[in-house]
Number of protein chains: 2
Amino acid sequence: MNAQSKKLTVVSDVDCNAVACRNCGICRLGAPLDSTEADSRLLERIAKNRRQIKRGDLLYRIGEPLKAIYAIRYGTIKTYLSTADGRSQITGFHIAGDPLGLADLHDGVCSTEARALENTSLCEIPIDHLQLLTEEIPSLRVQLTQLLSQEVQRLQGLSLLLGKKTAEERLATFLITLSQRFARRGYSSREFNLSMSRNEIGTYLGIVEETVCRTLARFQDDGLIENQRRLISILDADRLAQLAQV
Amino acid sequence: MNAQSKKLTVVSDVDCNAVACRNCGICRLGAPLDSTEADSRLLERIAKNRRQIKRGDLLYRIGEPLKAIYAIRYGTIKTYLSTADGRSQITGFHIAGDPLGLADLHDGVCSTEARALENTSLCEIPIDHLQLLTEEIPSLRVQLTQLLSQEVQRLQGLSLLLGKKTAEERLATFLITLSQRFARRGYSSREFNLSMSRNEIGTYLGIVEETVCRTLARFQDDGLIENQRRLISILDADRLAQLAQV
DNA sequence: CGAGTGGTTGACCACAATCAAGACCCGTGG
DNA sequence: CCACGGGTCTTGATTGTGGTCAACCACTCG
């Protein structure tokens, strides 16, 4: 099992840094509890199915048939949906290791639009391929259930944030959550570069750009963070977490 | 397959009306695409596992181990979670046919609290039971994936509502969605009794009780609905749907 | 170096929250 | 049968958080 995961994670340092890939969704999909040698050979086949998209590019759009599910190797993807008159809500910023497209498995139609915030590399599992794979590797279905169930919990948390938290609490939650996600992927939890604009942060948190700016400025005045445009340093994670009301 | 589903749906008219059960989650779980005779016998065993809870009772609470997953036969359950200081957000009103507990499969810990809004009957599948069942009936896992994926989509829609819609649009969306859900279950889509209070509607829609009242009153003045406390009649579904901005 | 994008700050405003009071409804007990 | 009490619903007056509109700043890139 150790040997297997090595085979999967160490692909080539050029297009897959170890940190991203060790935690990448496809590797998590690829290292289920009871995987066998035969499984691992199959999964190598999947892992080869790569896709690169550039900053600003669409991965898929609302209403089109779901062609594949994805796992992000590196980069950032935002997913969003909109009201009839065009107000849109970002439902997630997805980073290395996150799966994409699972929400649309039940009807095979994309319910969100997915766009790259920076150059992004993905593992791609075509839908018809997935059908075969899950038959050959039962544990893959277990993994799908796990990932979907986590996604439901994430969205429940987002609903709490959008329904009940103040602007200040939203921003604090956002920063703490992002920091924790980076930490889990092996990046710094104290200092990081945002790949999204103030506008996009607002569109995710249910507030406007200006409120994001003002609140970040206040956090800086209060010594909670250092705010240099896209570069954020967390100075007082404890107080920030307390503000977040998680 | 027809004979099978008959066996499952027609239990006894006393504790299972046909409408609710034909569409109930356990029956959907119980009538997967490729079910065999053997499967159906197994599923009969599950379907017998019933549970009744009374209005106001807790089904499970946050943090406790997930003992089972459920499907509602009749009644209504609300699920909710809260901020550290006790503001709570209802994440769903679940009616006949809806599954419960799926969101917590990945770590086996309840992430929401579930409480009955009226006397409610559930099918219960204990977690350890589920393990065995999914091994014997592979299509059950497919069903779990489908149901989870639908739940993710539902919560994405809720996020859009909470993040971007006005109070008026929220109420309109709520009424239209509820009406459609009732219709799909075979109840009237034009007139129905709410099982939740104004306060609970607000706690779900991210607004306060008073705003719910005022907005419903306005809808009545505008001839969109008739509003007799818990009894709601939809008078102009089209205009309401337009207001909803779905 | 100038244009353009994204970020910041200020002044003002509006929608919904809060606070408050009263109406309605239903169950319970005298 | 009516009176009482508590919960739910409704309506009104006032307030406040965050939205809107507007101007300016700062960084980047051609």
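Residue numbering restarts at 1 for every chain, and letters A, B, ... go by the order of the sequence lines.
- Classification of the B/F192-B/F182 ring pair by plane angle, with boundaries at 30° and 60°, yields tilted.
- Distance, B/E200 CD to D/dT8 P: 8 Å, rounded to whole Å.
- A/G206 comes within 4.0 angstrom of the backbone, heavy atoms only, and of no base.
- Closest to the side chain of B/R198, from the set C/dG7, C/dA17, D/dT10, is D/dT10.
- As a whole-Å value, the separation of A/R214 CZ from D/dG16 P is 18 Å.
- Rounded to whole Å, atom P of C/dG6 lies 9 Å from atom CD of A/E209.
- For the pair A/L205 CG and D/dG18 C1', the computed distance is 13 Å after rounding to whole Å.
- Between the CG atom of B/L231 and the C1' atom of C/dC25 there is a distance of 15 Å, given to the nearest Å.
- Along DNA chain C, the nucleotide nearest A/Q228 and the nucleotide nearest B/T211 are compared for position; the residue whose nucleotide lies closer to the 5' end is A/Q228.
- Each end of the helix from C/dC1-D/dG30 to C/dG30-D/dC1 gets its own axis, taken as the rotation carrying the C1' atoms of four end pairs onto the next four within a five-pair window, and the two axes meet at 30° to the nearest 10 degrees.
- The interatomic distance linking B/K165 (NZ) with C/dC15 (P) rounds to 18 Å, in whole Å.
- Residue A/R229 is in base contact, counting any heavy-atom pair closer than 4.0 Å across all strands shown.
- In this entry the distance linking CD1 of A/I225 with C1' of C/dG7 reads 14 Å, nearest Å.
- Ranked by how close their nearest DNA chain D nucleotide is to the 5' end, B/S197 and A/V208 are led by B/S197.
- Checking A/S195 against A/T76 by side-chain atom types alone, a donor-acceptor pair falls below 3.5 Å.
- Electrostatic pairing of A/D222 and A/R239 does not count as a salt bridge here, judged by no charged N lying under 4.0 Å from a carboxylate O.
- Surrounding CD of A/Q242 are at most 12 heavy atoms belonging to other residues, nucleotides or ligands under 6.0 Å away.
- Side-chain contact, A/T83 with B/K165: no donor N or O sits under 3.5 Å from an acceptor N or O.
- Shortest non-hydrogen contact noted between B/N227 and B/Q220 is N-OE1, 2.6 Å.
- Checking the phosphate oxygens (OP1, OP2) of C/dT8, a side-chain nitrogen or oxygen of A/N227 falls inside 4.0 Å.
- In this structure, A/R218 reaches neither bases nor backbone, as no heavy-atom distance under 4.0 Å exists between it and the strands shown.
- Straight-line distance from the CZ atom of A/F219 to the C1' atom of C/dT9: 18 Å, rounded to whole Å.
- Within 4.0 Å of A/R170, counting heavy atoms only, lies no atom of the nucleic acid at all.
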